[in-house]
Amino acid sequence: MDTLALTLLVSALASYAGATAAYLAHVLSKRPILATIGARVLFVGLCLHGVGKGVRFTELGFVPVTNPNEAMNLLALVIGIVFLWVSRRYAVPGLGAFATPLTLVTLAASLAFGDSQGAIPDALRSAWFPIHLTLAIGANALFAVAAMASVAYLVQERLLRKKKIGTAFRNLPPLHVLDEIVHRLIVVGWLLMTAGMVAGAFFAKQQWGAYWSWDPRQTWSLLTWFLFTAILHARLTAGWRGRHAAYLTLLAVGLVLLGLAGLDLFTVTRHGGDYQ
Amino acid sequence: VSPRLICVGVNHRRAPVELRERIAFTVEQVGEALLAMKGLEGVSEAMLLSTCNRVELYAAGDPDTTPYRLGGLLHRFHDLEEGVLDEHLFRLVGEDAVSHLFRVASSLDAIVIGEPQILGQVKDGFFRAAGQGTTGPVLNKTLHRAFSVAKRVRTETRIASSAVSVSYAGVELGRKIFGDIAGRECLLVGAGDMAELAARHFVERGARLIVANRSFARGHRLAEAFGGLARELSELPQLLEEVDIVLCSTSAPGFVITRDMMKMAVKRRRYRPLFLIDIAVPRDIDPRAADFEGVYVYDVDDLQQVVEENIEQRRNEADRAEDIVRDEVLKFARVTREQRAVPTIRALREAMLQVAIAEADKTLVILGDQASEKQKKSVQAMAKAIVNKVLHEPITRLKEQSARADPASADLFAAVQDLFQLELDEETGGADTAAVLREAEAAEDALGDLLENPEREYRLAVAE
């Protein structure tokens with residue numbers, strides 16, 4: 001990676017750290033201004049991050065998402081954008097204390113684990129690849145923010161039940177709003193995931209000759225897809241909202257994360273950027 | 001002598017309610033009182049503030065005589081024996097009066113610090129005075145700043161951001177569960193005063209009210225007053241399945257809402273959150289009702305604890321608010337002093353320039369055609385330059401003096417005005433009535449949609 005792109009990405013990382021600090025301080029203090037500062041610093045970080053990816057793109061001549069690390073890098077950017085949008089749409093700055101650390105950690109991990117090779121593998125030159133990738137990253141970013149909203153819900157619910165009505169309780173969003181955010185993000189995330197899997201199947205047909213071949217990653221994503229479907233179904237039929245929904249969301253997103261990070265270590269998969 | 005802000009009055013700390021109510025002004029009396037105030041010798045502007053916690057007369061006028069004239073007026077207006085009020089009245093002049101007004105408008109002088117009603121009362125007071133034509137540059141300028149200070153206090157501190165009354169604490173918690181209270185169903189079980197107060201808060205925020213009372217007739221009356229519905233108390237199990245918020249305040253000796261009743265309701269509710277507030281002593285709601293998913297039970301002690309923490313928090317925030325007020329008083333005083341010099345300086349410069357230009361014109365007439373256009377221009381420019389050079393030091397000195405709080409500086413202005421026989425323009429005070437009212441509305445907006453009225457509960461508690 002050339003120094004310009006790296007400088008931009010490291011500056012973005014520093015901004016995310018600043019935004020995280022501001023949002024955490026906001027939830028624990030009585031200064032409403034801190035949330036505004038957090039949002040502005042995060043916005044600057046996202047711009048730096050975006051420009052950094054743009055520089056990288058012109059350098060390489062292809063979208064720099066050819067391996068899991070690069071995908072994670074882009075995921076951090078999209079998580080940040082999704083959170084900023086949610087925080088404006090629902091007026092829930094308190095959610096920042098949970099979402100910005102995630103952006104920070106995701107970008108830091110991607111930077112720590114290295115960089116893509118100089119050339120795009122031939123296999124990824126297919127038109128299906130960017131479609132599959134965009135949908136998958138979009139879905140995962142929405143799920144990630146839904147998971148953070150679930151954590152916020154569980155914290156808030158606990159404070160309410162234990163009758164600890166302090167500064168943190170006051171600065172975190174209302175339960176109903178968090179529940180609503182979790183639900184909507186999962187609905188949209190589920191739609192993107194479904195479309196992404198369909199696109200992935202076409203991609204697989206093109207590359208491997210079959211729509212579905214029970215590759216470990218395919219199997220794993222099918223499993224998580226069923227889980228998300230079950231979450232939506234349980235809410236509609238049994239009224240599983242609130243705490244139930246929050247726990248299930250965390251479980252599902254945890255499995256997605258395990259799939260992203262751990263699958264390569266324990267299984268042999270043709271899926272992902274490091275295969276030849 | 002330039003008029004200064006004077007404030008004479010009593011507040012809840014200075015006088016007991018028996019006295020305050022004797023000197024309170026009714027709405028009908030305000031106009032007459034304002035005109036009487038302005039009619040006093042040495043008084044140029046007048047405004048008054050009469051609420052259940054304070055009666056305060058604000059005026060612009062002679063700082064030496066006005067405080068006593070206002071005190072005398074207060075006695076006469078209410079037919080009080082002379083001197084009855086003397087030990088209770090505060091008489092504030094200049095910066096002290098400004099500071100007091102800023103604190104009142106920012107709700108730092110209230111019984112319950114941060115309560116929002118006072119801002120509207122100050123605004124009304126100003127609006128009436130403006131309507132009566134008794135306001136002027138001093139009050140306009142000071143009130144304009146008072147509202148902007150109130151706005152600053154509200155945005156920079158959390159002095160008014162949390163409930164300080166038990167009845168309102170319920171609403172605050174409700175908002176943290178449901179986000180928006182509007183459209184939620186609030187069930188009132190029993191119809192005690194306290195519960196009614198809490199119900200009023202919910203209804204003000206758009207909740208629909210259902211009343212279930214042992215006496216259906218009484219419940220019906222209450223429901224009608226709030227635009228709600230009355231149901232029989234025996235329908236309670238059914239109602240628990242439907243509503244979002246329950247307020248209990250019956251005098252029943254045992255639990256009105258039992259754990260079993262809740263167990264039935266929860267399943268049918270499909271885990272929709274239910275917020276139960278128990279204001280009754282002995283309690284109406286079995287605390288074990290909170291064992292179920294999405295059911296939250298708060299009793300009087302829980303709410304009281306929330307309120308106490310909030311009051312403590314407000315006190316901490318009040319310290320910061322006091323700092324803001326002090327800072328703003330200093331700033332206001334400095335700006336006011338600096339502005340004091342402006343008319344004198346302007347008049348001095350204009351008088352000198354007039355002389356210089358007249359003399360230059362005379363010279364040019366004598367020179368006639370001998371001088372070229374360019375030379376004529378030079379002569380005029382020279383005349384002006386001499387004035388500016390000569391006045392540079394004196395004007396700098398006047399500005400320096402005006403910025404200082406030293407009362408002797410007023411003598412300096414008087415001396416300059418006397419020496420040069422200056423006619424000062426009438427001072428035009430920056431803000432007009434409309435600008436002041438705009439600022440007041442901006443300050444009210446900074447309050448958000450807080451409708452709490454802790455003093456109502458306070459009065460209820462006192463009455464009990």
Side-chain angles (χ1 to χ4, degrees), chain A residues 26-37 86 89-92 94-95 149 152-184 231 233-248, chain B residues 154-163 169-170 172-184 244-245 266-276 287 290-299 301-310 312-314 316-321 446 448:
Chain A
H26 160 67
V27 164
L28 299 174
S29 81
K30 297 173 200 117
R31 309 281 164 269
I33 185 83
L34 285 170
T36 317
I37 293 172
V86 167
R89 167 73 177 73
Y90 294 93
V92 286
L95 188 56
Y153 184 97
L154 293 173
V155 170
Q156 188 74 323
E157 209 266 351
R158 198 179 158 76
L159 291 174
L160 180 69
R161 197 167 279 283
K162 299 269 169 204
K163 297 176 180 167
K164 291 196 165 37
I165 309 303
T167 310
F169 181 81
R170 225 163 254 126
N171 286 328
L172 289 175
L175 288 177
H176 174 75
V177 176
L178 286 170
D179 190 44
E180 197 68 20
I181 290 171
V182 171
H183 177 56
R184 294 205 180 159
I231 291 173
H233 186 257
R235 182 183 288 263
L236 288 176
T237 57
W240 276 32
R241 66 190 91 223
R243 231 150 50 114
H244 294 310
Y247 278 126
L248 280 180
Chain B
R154 249 108 205 203
T155 45
E156 291 182 23
T157 72
R158 291 209 162 173
I159 186 171
S161 69
S162 49
E172 200 193 11
L173 289 170
R175 294 182 74 200
K176 276 301 191 184
I177 296 170
F178 300 109
D180 195 355
I181 298 293
R184 299 282 171 184
D244 303 294
I245 300 148
V266 157
K267 279 195 194 130
R268 302 246 172 88
R269 297 180 59 83
R270 307 206 325 162
Y271 307 107
R272 275 185 302 123
L274 177 63
F275 183 34
L276 302 161
D291 291 349
F292 303 103
E293 183 66 36
V295 180
Y296 308 98
V297 179
Y298 275 68
D299 63 29
D301 282 0
D302 299 329
L303 294 175
Q304 191 61 47
Q305 202 186 335
V306 170
V307 165
E308 266 159 32
E309 279 167 26
N310 288 348
E312 183 58 35
Q313 196 186 0
R314 272 197 191 190
N316 298 336
E317 290 296 290
D319 289 344
R320 293 182 54 236

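Because the structure is a prediction, the values reported are computed rather than measured. Sequence lines set the chain letters: A, B, ... in the order given, protein chains first and strands last, and positions in each chain run from 1.
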Between E317(B), R269(B), E156(B), which has the largest tally of heavy atom pairs under 4.5 Å with chain A? E317(B)
Taken to the nearest 0.5 Å, the spacing of K176(B) NZ from Q156(A) CD works out to 5.5 Å
Neighbour count above 12 (heavy atom, 6.0 Å) for R158(A) CZ: no
With a 3.5 Å distance limit and no angle check, can you tell me whether K163(A) reaches the backbone of Y298(B) through a side-chain donor-acceptor pair? no
Look at T157(B), N310(B), N316(B) and state which one has the largest set of heavy-atom pairs under 4.5 Å with chain A. N310(B)
With only heavy atoms counted, which part of F169(A) is less than 4.5 Å from chain B, the side chain, the backbone, both or neither? both
Among D179(A), N171(A), V177(A), which residue has the highest count of heavy-atom pairs closer than 4.5 Å to chain B? N171(A)
Measure the CZ-NE2 distance between R184(B) and H176(A) for me, rounded to the nearest 0.5 Å. 5.0 Å
Donor-acceptor pair, side chain of R161(A) and main chain of A290(B), under 3.5 angstrom: yes
First locate atom CG of L236(A), then atom CZ of R270(B), and finally report the distance between them rounded to the nearest 0.5 Å. 8.0 Å
I'd like to verify something: which residue of I33(A), L178(A), L175(A) has the highest number of heavy-atom pairs under 4.5 Å with chain B? L175(A)
Contact between Y296(B) and E157(A) at the side-chain level, heavy atoms closer than 4.5 Å - yes or no? yes
Measure the CZ-CD distance between R241(A) and E293(B) for me, rounded to the nearest 0.5 Å. 11.0 Å
Closest heavy-atom pair and its distance - T167(A), Q313(B): OG1-NE2, 4.4 Å
